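Notes follow the structure.
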Protein chains: 2
Amino acid sequence: MEKGVLSAAAMRSALFSQLPATETSRLLAASMPRQFQPGQVLFHQGDTSEYLYQIVAGLVRITQINSEGEQITLRIMRPGDLCCVAAFRQPSYPATATAIEDTTVLAWRVGSFVALTQQSPAIADNVVCIAGDRTREMLQRATEMTGKCIAQRIAASLLRLSAQAGTATADGIHIESPVTRVDLASMAGLTYFTVSRTLSAWQKQGLVRSGRHRLTILDMARISEIAEPRPARG
Amino acid sequence: MEKGVLSAAAMRSALFSQLPATETSRLLAASMPRQFQPGQVLFHQGDTSEYLYQIVAGLVRITQINSEGEQITLRIMRPGDLCCVAAFRQPSYPATATAIEDTTVLAWRVGSFVALTQQSPAIADNVVCIAGDRTREMLQRATEMTGKCIAQRIAASLLRLSAQAGTATADGIHIESPVTRVDLASMAGLTYFTVSRTLSAWQKQGLVRSGRHRLTILDMARISEIAEPRPARG
DNA sequence: CGACTCGTTGAGACAACTCAATGGGTGTGG
DNA sequence: CCACACCCATTGAGTTGTCTCAACGAGTCG
């Protein structure tokens, strides 16, 4: 990918949002473009945090190992997302990031990135926004996981997944190849089998269309309703 | 509480950490001390976010309503904690905060706090640190909840609770009155009864001492081991 | 066309939930 | 000072729902 295209793509992101031109160029100047192939790991859980990544193209799966030794998919990162806010001022990465498509990122050394935020209130402000957003999402996720009803957890994970890795089509939201129901299961903290059963049932009801390596949400409204039975207060 | 004491207490916190004197006084000048009695609500989930709070004394329970309509305890906030980072640049509070002891806070209007962070890189830096920390914690929590084994979830919640609301005694970590096993159940996403059963079993093994409105962790090491069976990989 | 992989489905086991009843502290009023 | 009532915690029995494991079916690739 060419440098101009790369920075153009990067600038449509929360990190670069509403930044004065000087800050934008400082950020870009300090960044290093890097490429990852599917399966390549950007960083491992527990590694000393050296780099921050802004995803420009591709898809990245963020996983954590739970106490039973299973890989839990926390979220899918897409172009525009900043990886990983939780490591920002921490000694080590809290999770593992794996490219699941050909992925292009801008990388910053943690030290230089911190220096930039300290020099530029505008950048710092954007980082704070992103961090708040991410915290809120994880808060939400932690709450969702406490629900007893499995269908709700699957529906909630499905919504999350569709927002993070879905593409809109005529039929509905389409979730493509590298993201399988294995991801769905590991996001919802369930078995494979249970997810498969639930999706089968939903398919019979016309809520989703599910197949080999692909998944389409046909009736977004009802999936949302399953995830959140009583329309959220507030 | 007197103003001097109040600010002295506030300054031993992540928000004020390593702040130049000018920033400290600006923060303090913009703050308003407020008092809450047990049961009083600092803010409700879904309310427009008007204030940020730094807890100076007391204890605050952060809860969220899950899709089944149950109150989930997300964490307990203690003196030094900043409430709530997740609302920082968000239109509404993502959770409800309730005082569970007589609680003193410093409050900032969101607008003036944002202005301060935009003027002061040092403050912004601290906020980012706090947000990163909180995100990491919730990330961890979301992962813990995916575990099938109930004992692990209870143990993990117990550790979290003891860190957030425990006091060290000769016997072990003591978790006192306003935090009951109802909290523990709602943190772990379990029923009352299941938590009670598990704690009984642990009491027989001498891991905890559990009673009316009080709970002491006697064998921290083994509780940790239950929470994290295979010592976390690095 | 055959081998392989991914997804579905079924039967049985087991663990947590539901609900009800009992036990034990704590505080109050006689 | 004792007895009662109340609240919190414990325990038990039955039910439900997910997990485990195994076999089957379908789609994909060579």
Side-chain angles (χ1 to χ4, degrees), chain A residues 38-39 66-73 100 144-158 161 175-205 207-216 226 229, chain B residues 38-39 66-73 100 144-158 161 175-205 207-216 226 229:
Chain A
N66 76 357
S67 47
E68 271 141 6
E70 303 162 337
Q71 267 216 346
I72 300 299
T73 301
I100 52 179
E144 276 164 12
M145 299 309 291
T146 64
K148 275 102 201 166
C149 180
I150 287 320
Q152 289 180 2
R153 277 158 63 176
I154 296 179
S157 300
L158 206 50
L161 205 51
I175 299 170
E176 197 99 21
S177 168
V179 179
T180 74
R181 62 204 62 205
V182 183
D183 279 289
L184 199 52
S186 94
M187 280 181 82
L190 299 168
T191 13
Y192 210 34
F193 308 101
T194 305
V195 171
S196 182
R197 269 180 247 273
T198 306
L199 287 180
S200 293
W202 286 352
Q203 179 153 21
K204 274 169 198 152
Q205 294 167 43
L207 301 181
V208 301
R209 189 164 47 222
S210 143
R212 191 185 178 80
H213 278 168
R214 90 189 77 96
L215 184 59
T216 309
I226 292 170
Chain B
N66 76 357
S67 47
E68 271 139 7
E70 304 162 337
Q71 268 216 346
I72 300 299
T73 301
I100 51 179
E144 277 164 11
M145 298 309 291
T146 64
K148 276 99 202 169
C149 180
I150 287 320
Q152 289 180 2
R153 276 156 65 176
I154 296 179
S157 299
L158 205 52
L161 205 51
I175 299 170
E176 197 97 20
S177 169
V179 179
T180 73
R181 63 203 61 206
V182 184
D183 279 290
L184 198 53
S186 93
M187 280 181 81
L190 300 168
T191 36
Y192 210 31
F193 308 100
T194 305
V195 171
S196 183
R197 269 180 246 273
T198 306
L199 287 181
S200 294
W202 286 353
Q203 179 153 19
K204 273 168 199 154
Q205 296 167 44
L207 300 181
V208 300
R209 188 163 50 221
S210 143
R212 190 186 178 79
H213 278 170
R214 92 189 75 95
L215 184 58
T216 309
I226 292 172

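The chains referred to below are lettered A, B, ... by the order of the sequence lines, with proteins before strands, and numbering in each begins at 1. The model shown is predicted, which means the values in this text are computed figures rather than measured ones.
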message: Suppose we call a contact any N or O donor and acceptor under 3.5 Å apart; does that hold for the side chain of A/R197 and the base of C/dG10?
response: yes
query: Base, sugar-phosphate alone, or nothing: which one does B/L199 contact when heavy atoms must sit under 4.0 Å apart?
result: nothing
Ignoring hydrogens and angles, write down the donor-acceptor pairs under 3.5 Å from the side chains of residues 187-203 of chain A, residues two or more places apart or on other chains.
| unit_1 | atom_1 | unit_2 | atom_2 | d |
| --- | --- | --- | --- | --- |
| A/T191 | OG1 | A/T194 | OG1 | 3.1 |
| A/T198 | OG1 | A/T194 | O | 2.9 |
| A/S200 | OG | A/S196 | O | 3.0 |

- line: Ranking A/T194 and B/Y192 by the position along DNA chain D of their nearest nucleotide, the one closer to 5' is B/Y192
task: For the pair B/S186 (side chain) and B/T73 (backbone), establish whether a donor and an acceptor sit closer than 3.5 Å, ignoring hydrogens and angles.
output: yes
query: Can you check the B/R153 CZ to C/dC17 P distance for me, whole Å?
result: 8 Å
- request: Show your working on side chain to side chain contact (heavy atoms under 4.5 Å, CB included) between A/M145 and B/R153 and close with a plain yes or no.
  value: CA-CA 12 Å; A/M145 299 309 291; B/R153 276 156 65 176; over 6 Å; no
Atom-pair distance (CD on B/E70; C1' on C/dA16), nearest Å: 14 Å
message: Donor-acceptor check, side chain of B/E144 to backbone of B/S157, threshold 3.5 angstrom: yes or no?
response: no
task: Output the single nucleotide from D/dC19, D/dT10, D/dT28 whose closest atom is nearest the side chain of A/R214.
output: D/dT28
message: If we ignore hydrogens and angles and just use 3.5 Å, is the side chain of A/E68 paired with the main-chain N or O of B/C149 as donor and acceptor?
response: yes
- request: Look at the side-chain N and O atoms of B/R212 and state whether any lies under 4.0 Å from the OP1 or OP2 oxygen of C/dG27.
  value: no
query: Roughly, in whole Å, what's the span from NZ in A/K204 to C1' in C/dG7?
result: 13 Å
- request: Examine D/dT18: is either OP1 or OP2 under 4.0 Å from a nitrogen or oxygen in the side chain of A/T191? Give yes or no.
  value: no
Interatomic distance, B/L190 CG vs D/dG17 P [rounded to whole Å]: 18 Å
- request: Nearest whole angstrom, please: distance from the P of C/dT8 to the CG of A/L184.
  value: 11 Å
Distance in angstrom units between A/H213 NE2 and C/dT8 P, rounded: 12 Å
query: How long is the line joining CD1 of A/I175 and P of C/dG7, in whole Å?
result: 13 Å
- line: Result for 5'-nearest mapping on DNA chain C, choosing between B/I150 and A/S200, is A/S200
Which nucleotide in D/dT10, C/dC17, C/dT8 has an atom nearest any side-chain atom of A/S210: C/dT8
statement: Assign each of A/F193 and A/K148 the nucleotide of DNA chain C bearing its closest heavy atom; nearer the 5' end lies the nucleotide of A/F193
A/L215 CG to C/dC6 P, straight-line distance once rounded to whole Å: 17 Å
